[in-house]
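Here's the structure, in structure tokens; my notes come after.
One-based numbering, in listed order, for ligands and for the atoms of each.
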Amino acid sequence: MNKKTIRDLSFKGKRVFVRVDYNVPMDKAGNITDDTRISATLPTLRYLLEQGASLILGAHFGRPKNGPAPEFSLAPVATHLSSLLGKEVKFAADCVGPVAEAAAQALQPGEVLMLENLRFHSEEEKNDPVFAKGLAALADVAVNDAFGVSHRAHASVEGITKFLPAVAGFLMEKELDFLGRAVTNPERPYVAIIGGAKVSDKIGVIANLLTKVDALLIGGGMANTFIAAQGFSVGKSLVEPDKIPLAKDLIAQAKTSGVKLLLPSDVVVAEKFAADAANRVVAVDAIGPEEMALDIGPASSAAFAEALANAKTIVWNGPMGVFEMDAFAKGTEFVAQAVAHSQAVSIVGGGDSVAALEKVGLADQITHISTGGGASLEFLEGKVLPGVAALADK
Ligand code: ADP
Ligand code: MG
């Protein structure tokens with residue numbers, strides 16, 4: 001990796017602003033229902049503390065629209081972090097200004113301070129330079145361990161680096177290592193699986209992957225647009241008619257570049273979008289006018305699994321069907337098994353794809369689960385992420 005990390009700096013006696021992604025799911029009572037994102041930052045935090053730093057943690061939570069709102073407070077997150085770290089985590093009721101400055105000034109080496117929700121200030125998302133300078137004033141160094149927000153040029157991610165030296169934390173380093181290898185130097189055969197609801201969400205990724213992979217497998221709702229592009233009727237399926245010409249182009253592009261593009265040959269259809277709807281398996285040229293395709297069929301699953309069997313690099317983003325309903329989860333499960341059992345370096349991104357893997361208990365068989373859905377997609381599109389570009393070069 002060509003970016004400096006926390007291994008490259010000395011932190012003794014330094015105040016370190018660490019941008020973390022603590023946008024965790026929380027129930028109505030304020031209980032954190034999944035703390036993966038918090039525990040994932042512990043190696044970075046512990047390392048910095050061991051090196052003699054004091055930590056000032058910045059994060060966002062939810063989508064507050066009009067300034068401070070108690071339901072979007074990070075205070076419960078600070079409490080939870082404290083129990084995970086096994087040490088006190090102080091809390092500042094604002095992320096900039098006198099309250100934050102006094103709390104940061106008072107920090108001793110080895111102490112941790114969590115700032116209130118960065119997005120209580122609209123300047124955060126506007127990348128306002130005065131606000132960024134206010135954050136920078138709290139610390140001597142900036143560390144970015146929030147890959148999932150690094151595709152956005154926000155003040156705590158990008159703006160702050162204009163005022164402080166900035167390096168990657170361990171989580172960020174891991175993301176850049178795995179995704180970077182897939183983008184620049186993948187071991188072959190390199191097979192990508194793209195699914196999920198809509199083509200329009202992932203056009204850029206599909207187009208870029210087509211220039212890199214040996215095989216591209218397309219399933220999920222977006223496959224319907226490709227099925228339509230082949231001239232078949234898709235009935236009442238989720239389809240994007242305005243994207244059919246693009247799907248045709250991508251099919252042609254795959255042909256000229258010699259990339260194996262695998263589309264479903266059969267699908268599971270139902271007349272209702274419901275878990276208990278009667279369903280049947282049909283070939284893609286036999287979808288009835290009242291039917292909708294909600295999963296890839298067994299022949300498609302088998303073909304996809306075969307394409308994955310000898311892959312050396314696999315990138316997967318997007319479920320193969322409506323996996324939330326058991327009747328339409330089989331394609332996703334089958335592909336998850338194939339990815340999990342392959343010898344490939346496997347990289348999975350996307351909130352729903354990761355949820356699907358967890359549902360079938362295969363998440364720990366994946367080489368790298370990317371924490372940032374949108375950020376990992378942009379990375380795979382070949383885009384430069386502003387939060388990454390802003391880190392110091394090696
Ligand atoms: P990810 O979060 O992994 O990037 P997406 O958000 O793009 O994935 O897509 C996931 C959603 O797509 C799921 O809610 C799933 O139910 C839906 N989906 C998958 N296949 C279909 C389909 N054939 N018809 C309608 N929705 C689908
Ligand atoms: Mg999703």
Using only atom types and a distance under 3.5 Å, with no angle test, would you say the side chain of Asp94 pairs donor to acceptor with the backbone of Val99?
no

List, one per line, each side-chain donor-acceptor pair under 3.5 Å for residues 330-338, sequence neighbours excluded.
| unit_1 | atom_1 | unit_2 | atom_2 | d |
| --- | --- | --- | --- | --- |
| Thr332 | OG1 | Met320 | N | 2.9 |
| Thr332 | OG1 | Gly321 | N | 3.3 |

So does Asp140 pair up with Lys14, basic N to acidic O under 4.0 Å?
no

Testing Asn144, Asp8, Asp393 one by one against Lys3 for a side-chain hydrogen bond (donor to acceptor under 3.5 Å, both in side chains), which residue passes?
Asp393

One checks the Mg ion (ligand 2) and counts protein N, O or S atoms under 2.8 Å, reaching 1

Who passes side-chain hydrogen bond (donor to acceptor under 3.5 Å, both in side chains) against Glu124, sequence neighbours left out?
Ser156

Does Lys359 come within less than 4.0 Å of Asp326, counting only side-chain N to carboxylate O?
yes

Salt bridge Arg19-Asp145, side-chain N to carboxylate O under 4.0 Å
no

Does the pair Arg280/Glu271 count as a salt bridge with the N-to-O cut at 4.0 Å?
no

For ligand 1, list all ligand N or O to protein N or O distances below 3.5 Å, rounded to 0.1 Å.
| unit_1 | atom_1 | unit_2 | atom_2 | d |
| --- | --- | --- | --- | --- |
| ligand 1 | 2 (O) | Gly351 | N | 3.3 |
| ligand 1 | 2 (O) | Asp352 | N | 2.9 |
| ligand 1 | 2 (O) | Asp352 | OD2 | 2.9 |
| ligand 1 | 3 (O) | Asp352 | N | 3.4 |
| ligand 1 | 3 (O) | Ser353 | N | 2.8 |
| ligand 1 | 3 (O) | Ser353 | OG | 2.4 |
| ligand 1 | 4 (O) | Lys202 | NZ | 3.0 |
| ligand 1 | 4 (O) | Asn317 | OD1 | 3.3 |
| ligand 1 | 6 (O) | Asp352 | OD2 | 3.0 |
| ligand 1 | 7 (O) | Lys202 | NZ | 2.8 |
| ligand 1 | 9 (O) | Ala197 | N | 3.2 |
| ligand 1 | 12 (O) | Ala197 | N | 3.2 |
| ligand 1 | 14 (O) | Glu324 | OE2 | 2.5 |
| ligand 1 | 16 (O) | Glu324 | OE1 | 2.7 |
| ligand 1 | 16 (O) | Glu324 | OE2 | 3.3 |
| ligand 1 | 20 (N) | Gly221 | N | 3.0 |
| ligand 1 | 23 (N) | Gly221 | N | 3.4 |
| ligand 1 | 23 (N) | Ala293 | O | 3.0 |

Asn66 atom CG: more than 12 heavy-atom contacts under 6.0 Å:
no

